[in-house]
There are 2 protein chains.
Amino acid sequence: MRISDGVEWAVHVCGVLAAAPKGQGVPGLKLAEFHELPPAYLAKQLQALSRAGIVAADRGVKGGYRLARAPSDISLLDIVLAIEGTGPVFRCTEIRQRGPCPTPPAACRRICPIARAFLAAEAVWRTSLAGVSIAEMNRAAAAESFDDKRRHQFEAWIADAAR
Amino acid sequence: MRISDGVEWAVHVCGVLAAAPKGQGVPGLKLAEFHELPPAYLAKQLQALSRAGIVAADRGVKGGYRLARAPSDISLLDIVLAIEGTGPVFRCTEIRQRGPCPTPPAACRRICPIARAFLAAEAVWRTSLAGVSIAEMNRAAAAESFDDKRRHQFEAWIADAAR
DNA sequence: TCCAATTCGGACAATTTGTATCCGCTTTAA
DNA sequence: TTAAAGCGGATACAAATTGTCCGAATTGGA
């Protein structure tokens with residue numbers, strides 16, 4: 001059980017897009033370059049973000065990606081669901097209904113207690129991730145690692161990348 | 001991102017072992033039979049449970065598996081960690097330190113804010129699972145799906161399987 | 001005491017799933 | 001019309017999952 005790297009990439013990328021000049025898009029190639037990520041595969045993750053309505057994609061020569069809504073309105077959970085899919089992490093296969101001593105169907109109206117416990121754990125996990133936004137991530141990262149020099153360096157880079 | 005079926009199997013199997021006559025072992029083959037699981041692969045999960053100290057294995061003609069401690073002292077988290085490994089679900093690859101505008105090492109003494117948020121979510125998930133024991137699972141399952149007839153059927157089966 | 005039956009354990013092979021790349025298509029602005 | 005850019009499908013590659021096998025340990029009886 002492991003979260004794919006694509007989720008980490010997508011969160012970082014959304015952080016970059018949140019800092020881009022409003023209304024301008026950043027091409028996928030530039031985004032890959034910023035973190036030295038494999039361009040072709042990052043493109044796949046960007047497609048997923050686009051389908052989920054987290055980023056908007058503009059095609060054509062002045063195209064690129066931009067956030068589809070405010071950074072404060074995009075949570076880490078939104079991104080996880082976009083990349084990993086919305087299905088539950090734990091999937092009950094109802095083995096209790098098989099074998100020589102099966103639980104009868106009448107007793108299976110409610111889902112199995114084991115599945116209930118796992119789904120409850122997953123719910124608190126989701127709630128925790130839903131409470132953290134891209135905006136907060138950027139604030140924390142800036143506070144911890146931006147001095148004036150690096151801020152300027154970053155703004156120059158993104159001004160060049162955006163179009 | 002998905003929890004392997006082995007976790008579900010292991011939880012069910014521990015529930016069966018918790019109901020077995022004290023001090024007697026149940027062979028892996030019988031455990032597989034009870035839920036119609038692939039015997040060879042269930043054996044693999046049982047090995048993992050054994051290595052983690054959740055079940056004890058006795059070899060030889062009177063051998064089999066039994067719980068290594070009280071059912072009330074085995075949590076769902078214990079089983080997840082035994083089967084899936086103890087490593088975190090989210091793994092930060094520190095991409096912030098790469099590319100044309102990297103976060104300098106001095107600013108990376110603390111782990112990345114993104115990783116912090118994911119690890120915090122994982123912590124509440126673990127806490128939730130740690131609060132549920134095999135004993136509670138069995139109580140719930142028995143209350144929901146055992147009538148007198150089925151209880152008798154189950155006890156007959158396990159009396160025959162244990163040795 | 002030795003042998004046969006039974007059972008777990010660990011190394012090995014196969015299959016499925018996920019990861020990563022590439023290429024042709026459509027769209028857009030100059 | 002052309003060059004830049006995202007989209008989706010087809011395809012190779014890697015990894016985890018699933019499954020198999022044979023050896024080691026233990027027991028009970030000859």
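Letters A, B, ... mirror the listed sequences (proteins, then strands); counts begin at 1.
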Identify each donor-acceptor pair in which a side-chain atom of residues 99-108 of chain A lies under 3.5 Å from a protein atom, sequence neighbours left out, and give them as a table.
residue: A:Thr103; atom: OG1; partner: A:Arg96; partner atom: O; Å: 3.4
residue: A:Thr103; atom: OG1; partner: B:Arg150; partner atom: NH2; Å: 3.2

With a cut-off of 3.5 Å and sequence neighbours excluded, list every side-chain donor-acceptor pair involving residues 129-137 of chain A.
residue: A:Ser133; atom: OG; partner: A:Ala135; partner atom: N; Å: 3.4
residue: A:Ser133; atom: OG; partner: A:Glu136; partner atom: N; Å: 3.2
residue: A:Ser133; atom: OG; partner: A:Glu136; partner atom: OE2; Å: 3.3
residue: A:Glu136; atom: OE2; partner: A:Ser133; partner atom: N; Å: 3.3

Distance-only criterion, 3.5 Å: show the donor-acceptor pairs between side-chain atoms of residues 57-73 of chain A and protein atoms not counting sequence neighbours.
residue: A:Asp58; atom: OD1; partner: A:Arg66; partner atom: NH2; Å: 3.0
residue: A:Asp58; atom: OD2; partner: A:Arg66; partner atom: NE; Å: 2.7
residue: A:Asp58; atom: OD2; partner: A:Arg66; partner atom: NH2; Å: 3.4
residue: A:Arg69; atom: NE; partner: A:Asp73; partner atom: O; Å: 3.0
residue: A:Arg69; atom: NH1; partner: A:Gly53; partner atom: O; Å: 3.3
residue: A:Arg69; atom: NH2; partner: A:Asp78; partner atom: OD2; Å: 3.1

In a table with atom names and distances, give each donor-acceptor pair under 3.5 Å that connects a side chain of residues 86-93 of chain B to protein atoms at least two apart or in another chain.
residue: B:Arg91; atom: NE; partner: B:Pro88; partner atom: O; Å: 3.3
residue: B:Thr93; atom: OG1; partner: A:Glu8; partner atom: OE1; Å: 2.8
residue: B:Thr93; atom: OG1; partner: A:Glu8; partner atom: OE2; Å: 3.3

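No continuous path of hydrophobic side-chain contacts links B:Phe118 to B:Val124 [ILVMFWY only; heavy atoms under 4.5 Å].
The salt bridge (Lys or Arg N to Asp or Glu O under 4.0 Å) search around A:Glu144 returns B:Arg110, B:Arg116, not counting sequence neighbours. Every residue meeting the salt bridge (Lys or Arg N to Asp or Glu O under 4.0 Å) condition with A:Arg151, not counting sequence neighbours, appears here in chain and number order: A:Asp148. Applying the side chain to side chain contact (heavy atoms under 4.5 Å, CB included) criterion to B:Glu84, with sequence neighbours excluded, gives A:Met1, B:Ile3, B:Ser4, B:Val7, B:Val80. For the side-chain hydrogen bond (donor to acceptor under 3.5 Å, both in side chains) test, residues two or more places apart in sequence or in another chain that qualify with A:Gln97 are A:Glu94.
Of the residues in residues 12-37 of chain A, not one places a heavy atom less than 4.0 Å from an atom of DNA chain C.
The OH atom of B:Tyr41 lies 8.0 Å from the CG atom of B:Asp5; values are rounded to the nearest 0.5 Å.
Residue order along DNA chain C, read from the 5' end via each residue's closest nucleotide, puts B:Tyr65 first among B:Tyr65 and B:Met1.
Taking atom CG of residue A:Asp5 and atom C1' of nucleotide C:dT21, one finds them 16 Å apart after rounding to whole Å. One interatomic measurement links the two molecules: CZ of A:Arg2 to P of C:dG18, which rounds to 13 Å at whole-angstrom precision. Between A:Leu49 atom CG and D:dG6 atom C1' the separation is 14 Å, expressed in whole Å. The CD atom of A:Gln45 sits 10 Å away from the C1' atom of C:dA20 (whole-angstrom rounding). Spacing between atom CG of B:Leu42 and atom C1' of D:dT18 amounts to 13 Å, rounded to whole angstrom units. Rounded to an integer number of Å, the gap from CD1 of B:Ile54 to C1' of C:dC8 is 17 Å. Note: CD (B:Glu84) to C1' (D:dT17) measures 11 Å, nearest angstrom. Look at CZ on A:Arg91: it is 14 Å from C1' on D:dT17, rounded to the nearest Å.
A:Gly6 comes within 4.0 angstrom of nothing in the nucleic acid, heavy atoms only.
B:Asp160 and B:Arg163 are not joined by a salt bridge, as no carboxylate oxygen comes within less than 4.0 angstrom of a charged side-chain nitrogen.
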Quick one: what's the B/S/- string for nucleotides 23-30 of chain C, heavy-atom cutoff under 4.0 Å, read 5' to 3'?
---BBBB-
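Under the ring-ring contact (aromatic ring centres under 6.0 Å, His included) criterion, the residue pairs touching residues 11-34 of chain A are A:His12-A:His35, A:Phe34-A:Phe154, A:Phe34-A:Trp157, with sequence neighbours excluded.
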Please enumerate all protein N or O atoms sitting under 3.5 Å from an N or O of nucleotides 19-22 of chain D, with distances to 0.1 Å.
residue: D:dG19; atom: O6; partner: B:Lys44; partner atom: NZ; Å: 2.2

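A sub-4.0 Å separation between OP1 or OP2 of C:dG9 and a side-chain N or O of B:Arg51 is absent. In this model, the phosphate group of D:dG6 is not approached by any side-chain N or O of A:Ser50 to a distance below 4.0 Å at OP1 or OP2.
Side chain B:Gln47 to base C:dG10: a donor-acceptor pair is found below 3.5 Å.
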